[in-house]
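Only one structure is covered here, and it is reproduced in the block below.
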Amino acid sequence: MTDIYLHNTLSGQKERFIPMDPDHVRVYVCGPTVYSYVHIGNGRPAVVFDTLTRLLRSAYPRVTYVSNITDIDDKINAAAAEGGESIKDLAARYTEAYLQDIQTLGVIPADVIPLATHHIQEIVSMINELIDAEFAYVSAGHVLFHVPADPEYGSLSKRSLEDMVDGARVEVADYKKDPKDFVLWKPSSPEQPGWDSPWGRGRPGWHIECSAMVKKHLGETIDIHGGGADLTFPHHENEAAQSRCANASKDYVRYWLHNGMLTLGSEKMSKSVGNVMTIRSLSQKHSGETLRYALLSGQYRSSLAWSEDLLVQAKSSLDSLYQSLRGKDHQETSSAYANLALGAYPQSVVTALKDDLNTPRALAAMHELGAALRRAEDEEARNQARSALLAGGWLLGLLGQSPDEHFTAGDAQDSLDAQQIEALIEARRQARADGDYAGADRIRDDLAEAGIELEDSRDGTRWRRR
RNA sequence: GGCUGGGUGGCAGAGUGGUGAUGCAGCGGACUGCAACUCCGUUAACGCCGGUUCGAUUCCGACCCCAGCCUCCA
């Protein structure tokens with residue numbers, strides 16, 4: 001028995017994770033709507049659930065991880081109209097960009113990355129089932145889910161139907177039987193994207209795509225469903241209602257997991273507020289690994305204050321791990337430790353992750369492993385400690401570069417290439433040998449000016465870019 | 001207003017009924033020609049007020065403050 005504990009939004013508590021089928025764990029995570037470049041807040045669930053998947057894969061023989069992309073949405077339509085681009089092209093372009101961006105963050109692609117527009121048939125048939133079972137009705141070209149028909153509605157987001165009426169910001173439309181009813185299908189005008197359906201040409205509402213794609217790719221009941229905390233209501237509440245009512249199975253999702261929001265300033269990072277930082281722009285200045293470290297530096301359910309200082313600290317912390325690994329003839333990366341059994345990973349890191357994915361504690365464990373490596377007395381102890389650190393790095397999706405790559409990899413903007421640097425180091429060595437310390441220091445200062453720091457040791461001088 | 005979650009050292013961020021993580025930064029020392037790297041040591045915290053307790057940052061209650069959701073949102 002693997003004792004992984006996860007906080008389940010449904011119960012509001014940490015629960016022991018017991019998969020429905022221990023031979024096959026099923027995970028679904030909500031991806032973004034692709035109408036522009038995604039921001040780092042969108043990267044958080046990608047990184048968090050990637051880390052969870054790494055843990056699950058080492059604990060269970062088979063894990064199917066599905067993460068969708070919403071490529072049909074009115075915001076996409078609007079963005080396309082504004083840019084004079086076809087909706088299809090725009091969505092395809094930003095889908096591709098999103099996949100690149102999360103790869104930058106060290107995310108292993110999900111097993112299945114379904115697109116809403118590829119599942120119209122499944123969506124239509126699920127809506128039909130809901131109509132047949134009288135949970136949904138047709139009205140003025142729309143199909144609506146009738147919220148009061150589902151006695152369990154509100155169980156996920158913990159709100160009563162009365163609360164929602166009080167909130168009173170639900171869209172009231174005269175074609176709705178109840179103000180809380182939400183759209184499963186809506187009519188499209190000729191210039192809007194649409195598909196033929198029993199209710200005329202139209203397009204799906206937001207929530208139904210996930211219900212349909214989960215069912216198609218994972219089945220009627222799944223183990224884990226993840227996503228941002230801001231999706232709990234209404235998206236996941238509605239999705240759960242649809243699936244519960246359309247499927248024969250009573251259980252839709254056994255464990256609902258929600259990651260907290262990133263904040264920028266004192267406010268949630270959000271496109272509608274306008275305070276976003278795209279992964280694309282951040283990765284101009286910071287490595288994807290630094291961004292990932294920063295994302296993992298907070299426990300996933302807490303909100304995390306994004307700032308330049310956070311990134312500076314993440315970079316320094318990451319450098320310290322890589323510094324531990326540095327050494328001649330040691331260019332192994334964490335990928336050498338991919339997909340091992342759980343017992344093969346350092347237990348301090350595993351224990352932290354098994355406790356509701358406590359990544360800050362896991363990182364603390366990594367630093368302890370790093371310190372142990374730096375202090376190791378002999379070659380055997382060093383090799384053992386190095387392996388432990390790299391293995392832990394795999395679980396967290398870190399240390400995927402060799403130490404030398406990490407410290408010396410440059411780009412076209414750098415004023416000096418490795419060859420020039422090595423030549424200057426040799427000149428400095430000569431100067432020091434000649435007792436010309438002023439000359440030697442001048443070279444070191446010049447290099448520092450160019451962003452190159454030297455580290456002397458008995459084995460010679462090595463260098464790193466700042 | 002309702003429903004969640006939270007307030008820990010300069011910063012980030014774990015955790016615990018009594019020995020007070022971890023990282024970044026700081027300080028002292030070792031190493032070094034001097035530095036950097038590294039090592040050793042070290043400063044410093046638990047929103048506020050009550051209660052329970054031999055003892056609370058950790059449990060209970062009130063209060064203050066913050067964030068999220070209640071509309072599109074990761």
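Letters go in sequence order (proteins before strands), and every chain restarts at 1.
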Problem - Protein-nucleotide distance (A/N238, atom CG; B/rC70, atom P), rounded to Å - result: 12 Å

Practice task
Please confirm whether A/F17 and A/Y5 have ring centers closer than 6.0 angstrom.
Solution key: no

Completion exercise
Looking only at B/rG15, B/rC72, B/rC24, the nucleotide nearest the A/S320 side chain is B/rC24

Exercise for the section: Using the P atom on both, measure B/rA67 against B/rU8 and round to a whole Å. Expected result: 14 Å

Exercise for the section: Please state the P separation for the pair B/rG47 and B/rC40 - nearest whole angstrom. Expected result: 32 Å

Practice task
Just call it for A/Y437: base, sugar-phosphate, or nothing, with non-hydrogen atoms closer than 4.0 Å on any strand.
Solution key: base

Exercise for the section: Using a heavy-atom cut-off of under 4.0 Å over every strand shown, decide if A/N259 touches base, sugar-phosphate, or nothing. Expected result: base

Practice task
Please tell me which of the listed nucleotides, B/rG13, B/rC24, B/rC70, lies nearest to the side chain of A/S317?
Solution key: B/rC24

Practice task
Counting heavy atoms from C-beta on, name the nucleotide in B/rC34, B/rC37, B/rA74 closest to the side chain of A/Q323.
Solution key: B/rC37

Handout entry: cation_pi(A/K271, A/Y35) dist<6.0 Å, angle<=45
Key = yes

Problem - Pairing partner of B/rG61 (Watson-Crick or G-U wobble, both distances under 3.5 Å) - result: B/rC49

Exercise for the section: Give a yes/no answer on whether the side chain of A/K268 brings an N or O atom under 4.0 Å of OP1 or OP2 in B/rC69. Expected result: yes

Problem - Closest nucleotide among B/rG23, B/rA35, B/rA74 to the A/Q313 side chain - result: B/rG23

Exercise for the section: In whole angstrom, give me the gap between the C1' atoms of B/rA56 and B/rC70. Expected result: 36 Å

Completion exercise
Result for 5'-nearest mapping on RNA chain B, choosing between A/A438 and A/D355, is A/D355

Exercise for the section: Return the nearest nucleotide to the side chain of A/P45; candidates are B/rC34, B/rA74, B/rA67. Expected result: B/rA74

Exercise for the section: Go through the side-chain N and O atoms of A/R159 and A/T232 and say whether any donor and acceptor fall under 3.5 Å apart. Expected result: no

Practice task
Report which part of the nucleic acid A/G41 touches: base, sugar-phosphate, or nothing (heavy-atom distance under 4.0 Å, all strands).
Solution key: base

Exercise for the section: Side chain of A/S316 only, please: which of B/rG13, B/rC24, B/rA36 is the nearest? Expected result: B/rC24

Exercise for the section: For B/rG20 versus B/rG29, give the span between their P atoms, rounded off to a whole number of Å. Expected result: 25 Å

Problem - Check: A/A80 main-chain N/O paired with A/E85 side-chain donor or acceptor under 3.5 Å - result: no

Exercise for the section: Spell out yes or no: do the side chain of A/R444 and the base of B/rA35 have one donor N/O and one acceptor N/O closer than 3.5 Å? Expected result: yes

Practice task
Give a yes or no on whether the backbone of A/L398 and the side-chain of A/S334 come within a donor-acceptor separation of less than 3.5 Å.
Solution key: yes

Exercise for the section: Remember a base hit wins even if backbone is also touched, and classify A/M269 as base, sugar-phosphate or nothing at under 4.0 Å, heavy atoms. Expected result: base

Problem - Sugar-phosphate only, base, or nothing, as touched by A/D74 at under 4.0 Å among non-hydrogen atoms - result: nothing

Handout entry: Toward the 5' end of RNA chain B, by each residue's nearest nucleotide, A/A371 or A/H235
Key = A/A371

Practice task
May I ask you to verify if any side-chain N or O of A/N358 is less than 4.0 angstrom from the OP1 or OP2 atom of B/rG15?
Solution key: yes

Exercise for the section: Using the P atom on both, measure B/rA21 against B/rU57 and round to a whole Å. Expected result: 15 Å

Completion exercise
Testing B/rA12, B/rC69, B/rC39 for proximity to the side chain of A/R375, the answer is B/rC39

Problem - Candidate nucleotides B/rA36, B/rG33, B/rG68, ranked by approach to the side chain of A/E455 - the nearest - result: B/rA36

Handout entry: Distance below 4.0 Å between A/R374 side-chain N/O and B/rC39 OP1 or OP2
Key = yes

Exercise for the section: Give one of base, sugar-phosphate or nothing for A/S307, where a contact means two heavy atoms less than 4.0 Å apart. Expected result: nothing

Practice task
Using a strict cut-off of less than 4.0 Å between a Lys/Arg side-chain nitrogen and an Asp/Glu carboxylate oxygen, indicate whether A/R26 and A/D223 qualify as a salt bridge.
Solution key: no

Exercise for the section: Assess whether atom CD of A/E377 is packed by more than 12 heavy atoms of other residues, nucleotides or ligands within 6.0 Å. Expected result: no

Handout entry: Short side-chain N/O contact to B/rU4 OP1/OP2 from A/R159, under 4.0 Å
Key = no

Exercise for the section: Taking atom P in both B/rU22 and B/rG68, compute the distance separating them and give it to the nearest angstrom. Expected result: 32 Å

Handout entry: Pairwise C1' distance for B/rC37 and B/rA30, with rounding to whole Å
Key = 14 Å

Practice task
Rounded to whole angstrom, note down the C1' distance from B/rC48 over to B/rA14.
Solution key: 24 Å

